[in-house]
Participant: 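To start, I am sharing the structure in question, which I have written as structure tokens.
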Amino acid sequence: NAGVTQTPKFQVLKTGQSMTLQCAQDMNHEYMSWYRQDPGMGLRLIHYSVGAGITDQGEVPNGYNVSRSTTEDFPLRLLSAAPSQTSVYFCASSYRYRGDGYTFGSGTRLTVV
Amino acid sequence: LAKTTQPISMDSYEGQEVNITCSHNNIATNDYITWYQQFPSQGPRFIIQGYKTKVTNEVASLFIPADRKSSTLSLPRVSLSDTAVYYCLVGDGGGYQKVTFGTGTKLQVIP
């Protein structure tokens, strides 16, 4: 049981490049989400999904796209990287109605130069 | 979406009990209260969740008064390894659809 797996762990991009951050979970969780965390700050929600084929925006969605074609995977796409997107990105998942809370991945540290 | 307010930071000596209070004045009837712990360079980790009164597990206790407008996370006899940021969240118990973490409380345990 791997939990939530994020790849890559580290990435450096040039301004304007695009890339996809991968997130996979093997717990059959309905809910998945992406957060970004900037130095000294809490986690801000980018996008979330309550099931395959259903996604919605969080509080900071601009510059990011998501899709959820399967229950297991929830990739985050950066369309045209900007230095303001330098951050640590966390993927999380949970059951819809259980008191276990979220399970988080170990994060992807992204630097845009 | 219920907003939460926590102290920005706290210091405690090893072996002491630490209580971190979270204010959530506009909590909804079906909202649960959940606490997470985050170490540097790691994702947050679920600690405890409750709806009312008191919940205890092997790691912490959670005290929720009758009006549910606040909650207190209690960590018994903290050690240096409890130095972390603690987040209080309010939402509908499991798959919160739109939850923000805020800035949390940075707990520093002193030897």
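All chains are named by letter (A, B, ...) in the order of the sequence lines, taking the proteins before the strands, and each is independently numbered beginning at 1. Note that the structure is a prediction, hence the values are computed from the model and not measured. Side-chain atoms are counted along with the backbone in the values below, which use heavy atoms only and exclude waters and symmetry mates.
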Participant: Same hydrophobic cluster for Leu43(A) and Leu21(A), using side-chain heavy-atom links shorter than 4.5 Å among ILVMFWY?
Facilitator: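 In one cluster: no.
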Participant: Leu45(A) and Val88(A): same hydrophobic cluster, using ILVMFWY side-chain contacts below 4.5 Å?
Facilitator: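 Linked, Leu45(A) and Val88(A) end up in one cluster.
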Participant: If hydrophobic clusters are built from ILVMFWY residues whose side chains come within less than 4.5 Å, do Phe10(A) and Phe104(A) share one?
Facilitator: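 Each belongs to a different hydrophobic cluster.
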Participant: Heavy atoms under 4.5 Å from chain B: which residues of residues 106-113 of chain A carry them?
Facilitator: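 So far as heavy atoms go, Ser106(A), Arg109(A) are the residues that approach chain B to under 4.5 Å.
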Participant: Quick one: do Phe90(A) and Gln42(B) satisfy side-chain contact (heavy atoms from CB on, under 4.5 Å)? Show the steps, please.
Facilitator: CA-CA 9 Å; Phe90(A) 290 102; Gln42(B) 294 185 26; 5.9 Å; no
Participant: Please look at Tyr51(B) and chain A and tell me whether the side chain, the backbone, both or neither of the residue comes under 4.5 angstrom of a heavy atom of that chain.
Facilitator: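 Tyr51(B) has no heavy atom closer than 4.5 Å to chain A.
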Participant: Among the clusters formed by ILVMFWY side chains lying less than 4.5 Å apart, do Leu62(B) and Leu107(B) turn up in the same one?
Facilitator: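 Yes; Leu107(B) is reachable from Leu62(B) via cluster members.
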Participant: For the residue pair Tyr102(A) and Phe46(B), what are the closest heavy atoms and their distance?
Facilitator: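 Shortest heavy-atom contact: O-CB, 4.1 Å.
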Participant: Not counting sequence neighbours, which residues clear side chain to side chain contact (heavy atoms under 4.5 Å, CB included) with Val78(B)? List them please.
Facilitator: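 With sequence neighbours excluded, Val78(B) shows a side chain to side chain contact (heavy atoms under 4.5 Å, CB included) to Ser12(B), Val18(B), Leu75(B), Asp82(B), Val109(B), given in chain and number order.
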Participant: Tell me if the CD1 atom of Ile8(B) is crowded by more than 12 foreign heavy atoms within 6.0 Å.
Facilitator: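 For Ile8(B), atom CD1 is not crowded (no more than 12 foreign heavy atoms under 6.0 Å).
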Participant: Would a hydrophobic clustering, with Ile, Leu, Val, Met, Phe, Trp and Tyr connected at side-chain separations under 4.5 Å, put Val60(A) with Leu13(A)?
Facilitator: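 Cluster IDs for Val60(A) and Leu13(A) match.
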Participant: Check whether any side-chain heavy atom of Thr103(A) lies under 4.5 Å from a side-chain heavy atom of Arg45(B), and answer yes or no.
Facilitator: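 Thr103(A) does not reach Arg45(B) side chain to side chain.
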Participant: In terms of heavy-atom proximity below 4.5 Å to chain B, should Gln37(A) be classed as side chain, backbone, both, or neither?
Facilitator: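 The answer is the side chain of Gln37(A).
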